[in-house]
2 protein chains.
Amino acid sequence: MFYEGKSKYLVAVDCIIFGFDSEGLKLLLLERNFEPAKGKFSLMGGFLAEGENTEEAAARVLEDLTGLNDVYLEQLQAFSAVNRDPGARVVSVAYYALINIEEHNHASVEKHSAFWVRYEDIPELIFDHKQMVDKAIARLRRKAATMPIGFNLLPEKFTLTQLQKLYEAIYQQNIDKRNFRKKILSTGVLNKLTEKDKKSSRRGAFLFTFNFEAYKRLEESGGLFGVNI
Amino acid sequence: MFYEGKSKYLVAVDCIIFGFDSEGLKLLLLERNFEPAKGKFSLMGGFLAEGENTEEAAARVLEDLTGLNDVYLEQLQAFSAVNRDPGARVVSVAYYALINIEEHNHASVEKHSAFWVRYEDIPELIFDHKQMVDKAIARLRRKAATMPIGFNLLPEKFTLTQLQKLYEAIYQQNIDKRNFRKKILSTGVLNKLTEKDKKSSRRGAFLFTFNFEAYKRLEESGGLFGVNI
DNA sequence: ATTCAATAGTGTTATGTTTACACTTGTAAT
DNA sequence: ATTACAAGTGTAAACATAACACTATTGAAT
């Protein structure tokens, strides 16, 4: 039969988990407390189980680590170099996740010896995980420029300054405040609240929420959500 | 041990093979002469062998079908739905290839019951192959707008009209001739030859080649290869 | 009560990019 | 000589982007 005699392989998923707070863009990494590569740093991963697809496996692994479900999750690609994992032949499918860093389950993260690290300070990673991270940031940069995925990294209510800092962190460059505000407000996808955030200034900054409806309308009418950097 | 007790899976590759000629953008499809889904249409695929990664598997499968090696090949992503292939649980990694349609081995294509079909006329495909094709065209559109990958679909020497028709086929829309020429020539990545192509007009049209060196210089200096549609 | 410190908030102009648009040229076939 | 056919070419208007600096508001410190 057609499938007979074909080799089978372990299939894993690895998650590049992005978070964002006042210190900048961050990744959630593991210090491995198991072999192979015990004591070294890695992405969170897991093996594909029989009743699930890789996206479900990634979501499971992610929930196991962060306690979060219903997270923005997107496949990057498969990594399949023959010796990428010295312990066994494993084909790994990489996913990147955007989560609201404030909402994750700290206990669960500690239990896994996981920790948040600034994007600028990522340590050496095992296997091909650095390659995965590089792919992830490239994809995030591309996507964030034309689609409103950045909002997944922010709390529901955020200030324009926070939003700008997020884009600056993603693109690792400064953005002109006036141009940024003009552009983002002109898309009409932000709802300005009457409420102010007083944490970061005495004056206080207006809070905004993302308007999914307006975005959908914008998208359907062919308009694009373009944030220039 | 860490890997013990984990399930293993068949891993396949599927290739979305693009070609281009005077009739437009085309895909190379198979009429399956084997079960499952015998007689139906599919992409060219194959199983991952032990000593190769998925890209090598895709290149092998591609050479087997077309006789071509050294082809532009890029991974799309993995497809892993539990029942995507009714015959067995198979995780498939999809690749898209851009080939010069004139150069492929016709005998080999016929031997596999393969055939070229216009992008506009793609028949119903088995499994999730339609999804793969949709992903591939979306990726091709995105990439071709900022990187000079379209040239892989053309002969070494081509006219500006051919190049424009290629972009029109990729984006399925008409492009203004003057604006297109202005833009593409301003990038400096084309070498104008003294030679003319006389096949498509009495007057003849100048032939051009793609200048990889100029492109690399352009890329390094931060300039981008932008073709507007 | 005044001053200070710190972030929020706001418009205009110059430059560059994109779009829309139509006629002339060169050649082979008749 | 005429015709048919694709190749080849420039300008102006509309739009988008980039550069730029000051005022407003408030709580804390004096």
Side-chain angles (χ1 to χ4, degrees), chain A residues 21-24 144-146 154-155 157-169 171 173-209 218 221-229, chain B residues 21-24 144-146 154-155 157-169 171 173-209 218 221-229:
Chain A
D21 64 15
S22 58
E23 295 174 337
T146 53
L154 293 173
K157 298 173 182 181
F158 50 85
T159 66
L160 292 182
T161 301
Q162 270 179 294
L163 186 60
Q164 180 176 342
K165 292 249 174 286
L166 170 62
Y167 276 96
E168 288 178 337
Y171 295 102
Q173 54 187 283
N174 296 332
I175 303 174
D176 180 274
K177 184 164 55 160
R178 278 174 291 190
N179 291 340
F180 179 78
R181 286 170 182 237
K182 222 182 313 168
K183 184 78 186 249
I184 200 95
L185 290 175
S186 77
T187 63
V189 299
L190 295 188
N191 286 333
K192 185 175 186 170
L193 307 181
T194 50
E195 201 180 338
K196 281 190 169 190
D197 170 78
K198 309 276 287 183
K199 283 192 290 289
S200 63
S201 78
R202 309 204 203 287
R203 178 179 177 178
F206 281 104
L207 287 163
F208 290 78
T209 57
L218 177 68
S221 72
L224 84 166
F225 180 88
V227 179
N228 302 78
I229 50 147
Chain B
D21 65 15
S22 58
E23 294 173 337
T146 54
L154 291 174
K157 300 173 182 181
F158 50 86
T159 66
L160 292 182
T161 302
Q162 270 178 293
L163 186 60
Q164 179 174 345
K165 292 250 176 284
L166 170 61
Y167 277 95
E168 289 179 336
Y171 295 101
Q173 54 186 282
N174 295 332
I175 303 175
D176 179 274
K177 183 164 58 161
R178 278 174 290 189
N179 292 341
F180 179 78
R181 286 170 182 236
K182 220 182 313 168
K183 184 81 187 244
I184 200 96
L185 290 174
S186 75
T187 64
V189 300
L190 294 188
N191 285 334
K192 185 174 185 170
L193 306 181
T194 49
E195 199 180 339
K196 282 189 168 191
D197 171 77
K198 310 276 285 183
K199 283 193 289 290
S200 63
S201 77
R202 309 204 201 288
R203 179 179 177 177
F206 280 105
L207 286 163
F208 289 78
T209 59
L218 177 69
S221 70
L224 82 167
F225 179 88
V227 179
N228 303 78
I229 50 147

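Note on naming: letters A, B, ... go to the chains in the order of the sequence lines (proteins, then strands), and numbering restarts at 1 for each one. Every heavy atom of this structure was used, including side-chain atoms; hydrogens, water molecules and symmetry mates were not. This structure is a prediction, so every number in the text was calculated from the model and none was measured.
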Would you kindly give the [atom1]-to-[atom2] distance between [X] and [N], to the nearest whole Å?
X      : N      : atom1 : atom2 : result
B/Q162 : D/dA7  : CD    : C1'   : 13 Å
A/N179 : D/dA18 : CG    : P     : 8 Å
B/R181 : D/dT11 : CZ    : P     : 18 Å
A/R202 : C/dC4  : CZ    : P     : 14 Å
B/F158 : D/dA6  : CZ    : P     : 21 Å
B/F206 : C/dT25 : CZ    : P     : 16 Å
A/L185 : C/dG11 : CG    : P     : 12 Å
B/N174 : C/dT19 : CG    : P     : 14 Å

Got [X] and [Y] here, is their nearest side-chain heavy-atom distance under 4.5 Å?
X      : Y      : value
A/T161 : A/R181 : yes
A/S200 : A/Q162 : no
A/N179 : A/K182 : yes

message: Restricting to side chain to side chain donor-acceptor pair (under 3.5 Å), what partner residues turn up for B/K196, sequence neighbours left out?
response: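 Per chain and number, B/K196 pairs via side chain to side chain donor-acceptor pair (under 3.5 Å) with no residue.
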
message: Categorize A/T159 for me: base, sugar-phosphate, or nothing, with a 4.0 angstrom heavy-atom threshold over every strand shown.
response: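 Nothing: the residue A/T159, judged by heavy atoms under 4.0 Å, touches no strand.
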
- prompt: Which value, rounded to the nearest 0.5 Å, describes the distance between A/L185 atom CG and A/L190 atom CG?
  reply: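 Answer rounded to 0.5 Å: 6.0 Å.
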
Rounded to 10 degrees, the angle between the two terminal axes of the helix from C/dA1-D/dT30 to C/dT30-D/dA1, each from five pairs: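 Helix axis angle between the two ends: 10°.
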
- prompt: Does a nitrogen or oxygen in the side chain of A/R203 sit under 4.0 Å from OP1 or OP2 of D/dG27?
  reply: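 So the side-chain polar atoms of A/R203 never come under 4.0 Å of the phosphate oxygens OP1 or OP2 of D/dG27.
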
- prompt: Reckon A/S201 has a side-chain N or O less than 4.0 Å from the OP1 or OP2 of C/dA6?
  reply: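 So the side chain of A/S201 is outside the cut-off, no N or O lying under 4.0 Å from OP1 or OP2 of C/dA6.
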
Side-chain-base donor-acceptor pair under 3.5 Å for A/K182 and C/dT12: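 A donor-acceptor contact between them is present.
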
message: If you assign A/R178 and B/K177 each to the DNA chain D nucleotide with the nearest heavy atom, which residue ends up on the more 5' nucleotide?
response: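 Counting from the 5' end, the first nearest nucleotide belongs to B/K177.
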
message: At a heavy-atom distance below 4.0 Å, what parts of residues 190-199 of chain A sit against DNA chain C?
response: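 Result for residues 190-199 of chain A: none.
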
